[in-house]
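Throughout, a chain's letter reflects where its sequence line sits, starting with A, and its residues are numbered from 1. If you're wondering where the values come from, they're calculated on a predicted model, not measured in any experiment.
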Amino acid sequence: MSSDRTVTDVLMGAARAAATKKNRLSSASQSPAQAPSSPAKKPKTLEDSVVSSDEPKKSGATDPFLELKKKGSDFDPRAAANWKDGEPVPFLFFARALDLISNESGRIAITDIICNVFRTVMAATPDDLLPTVYLSANRIAPPHEGIELGIGDASLVKALAEAYGRKEEHVNKQLQVECGSMWQELGDLGLVAKASRSSQRVLYKPQRLTIAKVFHTFRAIAKESGKDSQDKKRNHIKSLLVAANDCEPLYIIRLLQSKMRIGLAEKTVLVALGQASAYTEVLRAASSKAQVPPSDEAAKIIKQVYSVLPDYGKIVPALLRVGVLKLSEACNFSLGVPVGPMLAKPTKSVSEILDKFQGIEFTCEYKYDGERAQIHYMEDGSIEIYSRNAERNTGKYPDVVSSVSRFKRPAVSSFVLDCEIVAYDREKKKILPFQVLSTRARKGVILSDIKVAVCTFAFDILYINGRPLLHEQLKVRREELYKSFDEEPGEFYFATSITSNDLKKYRSS
DNA sequence: CCTGACTGCCC
DNA sequence: ATTCTGC
DNA sequence: GCAGAATGGGCAGTCAGG
């Protein structure tokens with residue numbers, strides 16, 4: 001097949017370009033393989049004439065999507081929206097924006113683009129802001145809810161092959177890139193998907209994808225489990241791929257891989273969301289000369305709020321309801337929801353700088369070779385344990401859960417404790433390496449089945465008896481820590497720390 | 001039942 | 001966790 | 001030098017198929 005040659009060449013070139021983030025070609029303009037199915041000649045169905053322009057006009061000099069690259073107040077959300085107010089946001093709008101981002105290397109430019117996407121959605125279809133934010137952050141649910149896609153490259157190759165009527169081996173061959181005498185998996189499955197789609201003859205045009213549709217399909221994929229779940233997941237994916245056009249397949253695949261690799265990740269999304277609401281509110285408050293939130297101030301607020309309430313399902317609606325400035329009031333820290341690790345540090349004030357430069361006094365802690373854990377103890381006595389990345393680990397550590405009542409002092413009715421859980425040999429009273437800990441069972445563990453004993457080392461406390469300590473100095477938190485718990489041999493210790501000006505003591509980690 | 005392929009999450 | 005990149 | 005993004009090794013859990 002001659003078409004395959006073309007496709008492969010495109011893929012290899014693009015894969016290399018993507019590997020070194022320099023000199024990348026526009027994925028939108030680079031695709032000769034896609035040219036045959038140009039949108040210019042396509043009065044195929046009624047939908048096209050009714051809904052019309054969901055794609056930029058190649059003929060005119062102005063590409064509407066370039067509007068998204070404008071900065072701050074130069075950007076007009078109205079001009080960027082190519083759908084009617086209140087209608088579902090087309091997925092193509094989002095995919096095109098990602099394509100634009102993929103051609104940028106600087107984070108500022110990337111932030112601007114995704115910010116403009118949010119502003120456009122806020123202006124035209126605010127109901128779709130939540131799924132838009134979720135897709136941008138490449139998430140389908142808050143981390144502590146434990147909802148997973150359960151999809152990897154292998155399943156995607158299968159789905160892709162079926163959806164586009166290709167042989168699986170064929171797809172796999174395209175994925176490989178020759179590197180000297182070796183064959184490596186350097187290819188990009190997303191690009192394979194895009195190329196496969198565009199080289200495929202499409203007989204009828206399916207209903208076009210919306211952001212909400214894609215997002216909800218992702219959730220549906222995650223929900224499938226048990227017997228034949230793989231078939232069901234694959235069918236969901238196929239339904240998306242079949243309905244996808246232009247660069248949509250590329251980003252559907254990459255979202256499902258959780259590997260966007262275009263320089264857009266969660267931090268940037270948070271910043272952009274803050275900036276977007278700042279600009280949107282400026283416009284809204286233009287007549288009533290309310291105070292204008294500087295966009296980076298708004299970004300800080302969003303970051304802050306997300307760190308104590310990592311749940312877009314709560315943040316985004318609140319943002320639309322009350323605006324950025326009052327967001328902190330609407331979204332508070334709550335027990336049972338894991339706190340992001342960033343805020344667990346003292347405020348950057350004079351003391352920190354003094355410590356750094358004068359070296360008079362500083363605190364260093366032993367680096368325990370275990371697993372980070374955030375223990376929440378609720379007023380009703382229930383307990384949750386979260387990992388470093390806010391995954392729910394309660395079912396992995398029933399022994400830790402049961403030991404809490406022993407090391408917690410009676411007067412303590414609630415807390416959030418930052419710890420390191422370490423594999424421990426009780427006979428020899430020795431800490432075991434991470435390798436040992438990692439062999440422990442992870443789900444639904446029951447006390448009597450535990451093979452690898454564990455010891456908890458607490459190094460910080462973020463909340464105690466109804467009082468958040470997130471904004472307190474380390475010293476204060478440390479005092480609270482020491483007076484709220486008791487060490488329990490082999491089960492619970494305070495992390496060893498040294499506060500001094502002696503550099504030599506810093507060696508032992 | 002058991003085995004292998006696959007996936008996600010820890011560092 | 002480490003490595004790489006833009007600022 | 002810093003912050004954010006991308007990437008790697010090694011493990012248990014899940015599912016499909018013999």
Check your understanding: Is the phosphate of dT7(B), meaning OP1 or OP2, less than 4.0 Å from a side-chain N or O of S155(A)?
Key ->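 Yes.
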| When you compare dA1(C) with dG8(B), how far apart are their P atoms, in angstrom units rounded to a whole number? |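 After rounding to an integer number of Å, I get 22 Å for this pair.
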Between [options], spot the one nearest the side chain of [X], thanks.
X: L149(A); options: dC10(B), dG8(B), dA5(D); result: dG8(B)
X: R261(A); options: dA6(D), dG4(D), dG8(B); result: dA6(D)
X: N389(A); options: dC6(B), dC11(D), dC10(B); result: dC10(B)
X: A265(A); options: dG6(C), dA6(D), dA12(D); result: dA6(D)
X: D369(A); options: dT14(D), dC11(D), dC11(B); result: dC11(B)

field: Residue that, paired with D188(A), satisfies side-chain hydrogen bond (donor to acceptor under 3.5 Å, both in side chains) out of Q174(A), R261(A), Q257(A)
entry: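 When side-chain hydrogen bond (donor to acceptor under 3.5 Å, both in side chains) is applied between D188(A) and each of Q174(A), R261(A), Q257(A), only R261(A) qualifies.
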[X] side chain to [Y] backbone, donor-acceptor under 3.5 Å:
X: T111(A); Y: R107(A); answer: yes
X: E104(A); Y: A109(A); answer: no
X: R119(A); Y: G72(A); answer: yes

For the pair Y386(A) and N393(A), evaluate side-chain contact (heavy atoms from CB on, under 4.5 Å) and give the outcome as yes or no after the intermediate values. CA-CA 5 Å; Y386(A) 299 100; N393(A) 261 354; over 6 Å; no
Measure from [atom1] on [X] to [atom2] on [N] and round the result to the nearest Å.
X: R234(A); N: dA16(D); atom1: CZ; atom2: P; result: 9 Å
X: K303(A); N: dG4(D); atom1: NZ; atom2: C1'; result: 9 Å
X: L437(A); N: dG10(D); atom1: CG; atom2: C1'; result: 13 Å
X: I110(A); N: dG4(D); atom1: CD1; atom2: P; result: 13 Å
X: N393(A); N: dC10(B); atom1: CG; atom2: P; result: 6 Å
X: K227(A); N: dC15(D); atom1: NZ; atom2: P; result: 11 Å
X: E266(A); N: dG4(D); atom1: CD; atom2: C1'; result: 12 Å
X: E148(A); N: dT7(B); atom1: CD; atom2: C1'; result: 8 Å

Please produce a list of atom pairs where a protein N or O lies less than 3.5 Å from an N or O of nucleotides 1-4 of chain C.
none

**Message:** If you assign each of K259(A) and S438(A) to its closest nucleotide in DNA chain D, which residue comes earlier from the 5' end?
**Reply:**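 Of the two residues, K259(A) wins.
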Legend entry - 5′-ward residue of the pair V445(A)/S229(A) relative to DNA chain D: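 Nearest nucleotide further toward 5': that of V445(A).
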message: Please list, in numerical order, the residues of residues 129-139 of chain A that have a heavy atom closer than 4.0 Å to any atom of DNA chain B.
response: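 Within residues 129-139 of chain A, no residue comes under 4.0 Å of DNA chain B.
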Aromatic ring proximity, centroids under 6.0 angstrom, [Y] and [X]:
X: Y368(A); Y: Y366(A); value: yes
X: Y463(A); Y: F415(A); value: no
X: F494(A); Y: F457(A); value: no

Looking across every strand, which nucleic acid part, if any, lies under 4.0 Å from T268(A) by heavy atom: base, sugar-phosphate, or nothing?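 Sugar-phosphate contact only.
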- For I108(A), answer base if it contacts any base atom (sugar-phosphate contacts may also be present), sugar-phosphate if it contacts only those atoms, and nothing otherwise; contact means non-hydrogen atoms under 4.0 Å.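 The residue I108(A) makes no contact with any strand.
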cation_pi(R96(A), F65(A)) dist<6.0 Å, angle<=45
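Cation-pi check for R96(A) and F65(A): passes.
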Establish whether the base of dC11(D) is bridged to the side chain of R442(A) by a donor-acceptor pair shorter than 3.5 Å.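 Indeed there is one.
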Residue whose nearest DNA chain B nucleotide is more 5′ - E391(A) or Q230(A):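 Mapping each residue to its closest nucleotide by heavy atoms, the 5'-most match is Q230(A).
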Considering all heavy atoms, the nearest N116(A)-K70(A) contact: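 Closest heavy-atom pair between N116(A) and K70(A): ND2-O, 2.9 Å.
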